[in-house]
Amino acid sequence: MFTTYDVIVIGAGPAGENAADYARQRGLTAAIIEAELVGGECSYWGCMPSKALLRPTEALAAARRVPAAAAAITGEVDVEKVLRNRDAFTSNWEDKGQVDWLEGAGVELHRGHGRLVGEKVVEVIAEDGSVTRLEASEGVVIGVGTRAAHPPVAGLSDIITWDNRDITEAKEIPDRLLVLGGGVIGTEMAQAFARLGADEVTVIEALDRVLGVEEPFVSDEIVAALEAEGIAFHLGARAEQVRREGTDGPVTVTLASGDEVTGDELLVAVGRRAPTDQLGLDTIGVEPGRGGFIEVDDHLRVPGHDWLYVVGDANGRALLTHQGKYQARLVGDALAGVDVDPAWADERAVPRVVYTDPQVAAVGLTEAQAREAGHDVTTASYNVGHSAGGALLGKGTDGTAKLVIDRPRRTILGATFVGPGVGEMLHAATIAVVSEVTLEQLWHAVPPFPTVSEVWLRLLEQVRAQELGA
Ligand code: NAI
């Protein structure tokens, strides 16, 4: 006996929820299967709690930059309140609000582990072991997200470490925090915990720079800002071995150089893997690739299985909530038979914000990526702190803004900003990249005075000066 829906979604994170919701909005019936909390990693152990941990000290730092306001700040943030506020943002790790939302959207929730058992047939194994069989008349969408990956470092699997879940759920701030991996999670959490009172925070990064996918100046500026706050960095440092005294004693990481660093907790943030090994993909002859990611075409379909879609982190195209939701919108329409464009923004125009202070905001290609892709490139750079808006933000407002321009087409291929709050400036760049606005058109997009967005004008002036000088 099957229960039949038009669409079955496995995984109720932001991407899965959106795929189901968009399918419903197009008049299809939809079921969604979730083994843990409805809302997924972003709501409970990612975007939301991490930003709740970062925002209070960011607000304090913003006020401290303004000399007259700084005088009014006589204390530190209330860490207890920060943690309680974080608990509120995650609804205390309860998903009632999101379950109600699904119900309102007309999506039927099945709690349990979902696995394919054949073409368009999915089994749900509930916690009590009972099994329900569901059938999809139109398609199945996989949106199972990712989990923290663990590198093959000797001793690492023998001891208790933290991953993104443990650190975003932390009930107290450890005195000494070690962070393995200077990527997005590593840099954000290093600063959050240093600012929330950890005495020592040490980041160990295998590459010679942090946030290695971004423009090289990003690493220089973020490392300088975080070092100024007392965070230590070991760059180009490979962790060789890890050991812990007892079950909860100090953790020591031995680096390839022979140096040792010791802390009370070790956050492992070296990338992600997709939990696709128990999804029954073998029953339909699909084998996930490296890291468990499932390859899809530009319509987010698994090649050779035009009824099977993968949205969000699990397809490995762009591991960001907003890109997963973008994919889900396209898939919701495609399932309903609406002719949709293939996805491309999740490859060519991905907006990325790292919520450190200063923030990093980037979209599209870096200069190196653009050159590698064969573009004839010119660039312009300017310090956001030198704009009138930046000066008004206060002392120490600093950071580079850079445009990567396609010289013959006169369009923007990519933009990167470092500076306080620059995440809110990014969407203008995203629109420029996606719309392929020319430099001549941008000349008429006048940034208000005195905002930080005036850096746009300075950057355009610079390109013009380069051209006039040429
Ligand atoms: P990541 O890929 O951003 O960074 C991992 C870092 O670990 C890399 O710099 C890598 O070189 C380093 N690494 C790898 N193996 C290592 C080893 N054995 N020793 C030392 N370093 C090593 O991955 P991360 O930080 O785990 O983030 C996971 C995902 O979560 C990202 O894909 C990101 O998109 C998402 N995320 C997004 C945020 C945002 O949008 N603000 C915030 C946090 C996470």
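Indexing begins at 1, ligand by ligand and atom by atom, following the structure's order.
The shortest N/O to N/O separation between Ala239 and ligand 1 does not fall below 3.5 Å. Every N/O-N/O distance between Leu320 and ligand 1 stays at or above 3.5 Å. For ligand 1, the polar-atom distance check finds an N/O of Ala206 within less than 3.5 Å of one of the ligand's N/O atoms. Of the N or O atoms in Val354, none lie within a sub-3.5 Å distance of an N or O in ligand 1. Geometrically, ligand 1 and Val353 share a nitrogen or oxygen pair separated by less than 3.5 Å. Considering both main-chain and side-chain atoms, Arg272 never comes within under 3.5 Å of ligand 1 through any nitrogen or oxygen pair. Annotation: Glu188 places an N or O atom under 3.5 Å from an N or O atom of ligand 1; distance criterion only.
Remark: side-chain polar atoms of Arg111 are paired, donor with acceptor, to backbone N or O of Glu36 under 3.5 angstrom. At distances below 3.5 Å, not a single donor-acceptor pair connects side-chain atoms of Arg273 with backbone N or O atoms of Arg147.
Of the protein's non-hydrogen atoms, Leu319 CB, 3.5 Å is the one closest to atom 32 (O) of ligand 1. Of all protein heavy atoms, the one closest to atom 44 (C) of ligand 1 is Ile185 CG1, 3.3 Å. Nearest protein heavy-atom contact of atom 19 (N) of ligand 1 is Leu180 CD1, 3.7 Å. With hydrogens left out, the protein atom closest to atom 14 (C) of ligand 1 is Val270 CB, 3.5 Å, a heavy atom. Closest to atom 9 (O) of ligand 1 among all protein heavy atoms lies Glu205 OE1, 2.7 Å. Of the protein's non-hydrogen atoms, Val184 N, 3.3 Å is the one closest to atom 3 (O) of ligand 1. With hydrogens left out, the protein atom closest to atom 4 (O) of ligand 1 is Gly183 CA, 3.2 Å, a heavy atom. The protein heavy atom nearest to atom 26 (O) of ligand 1 is Gly271 N, 3.0 Å.
For Phe89, the CZ atom is loosely surrounded, since the number of other residues' heavy atoms within 6.0 Å does not exceed 12. In the displayed structure, Asp248 atom CG is contacted under 6.0 Å by at most 12 heavy atoms of other residues, nucleotides or ligands. Counting non-hydrogen atoms of neighbouring residues, nucleotides and ligands closer than 6.0 angstrom, the CD1 atom of Ile160 reaches no more than 12 such neighbours.
Between Thr161 and His150 there is a side-chain heavy-atom pair separated by less than 4.5 Å. Val302 is listed as a side-chain neighbour of Ile294, based on a closest heavy-atom distance under 4.5 Å.
Looking at Ser219 and Arg209, their side chains never bring a donor and an acceptor atom within 3.5 Å of each other. A donor-acceptor pair shorter than 3.5 Å cannot be found between the side chains of Glu424 and Gln359.
Annotation: the span from Arg371 atom CZ to Leu413 atom CG amounts to 10.5 Å, rounded to 0.5 Å. With rounding to the nearest 0.5 Å, the separation of CD1 in Ile10 from OG1 in Thr276 is 11.5 Å.
Of the heavy atoms in Ile204, only backbone atoms (N, CA, C, O) come closer than 4.0 Å to ligand 1.
Under the 30°/60° scheme for interplanar angles, the aromatic rings of Trp162 and Phe193 are found to stand perpendicular.
Contact annotation: Gly212 has no heavy atom less than 4.0 Å from any atom of ligand 1. For the ligand labelled ligand 1, residue Lys51 lies inside the 4.0 Å heavy-atom shell.
Per-residue contacts place Leu207 under 4.0 angstrom from the following atoms of ligand 1 (heavy atoms of the residue considered): 11 (O). Residue Tyr355 approaches ligand 1 through these ligand atoms, each under 4.0 Å from one of its heavy atoms: 41 (N).
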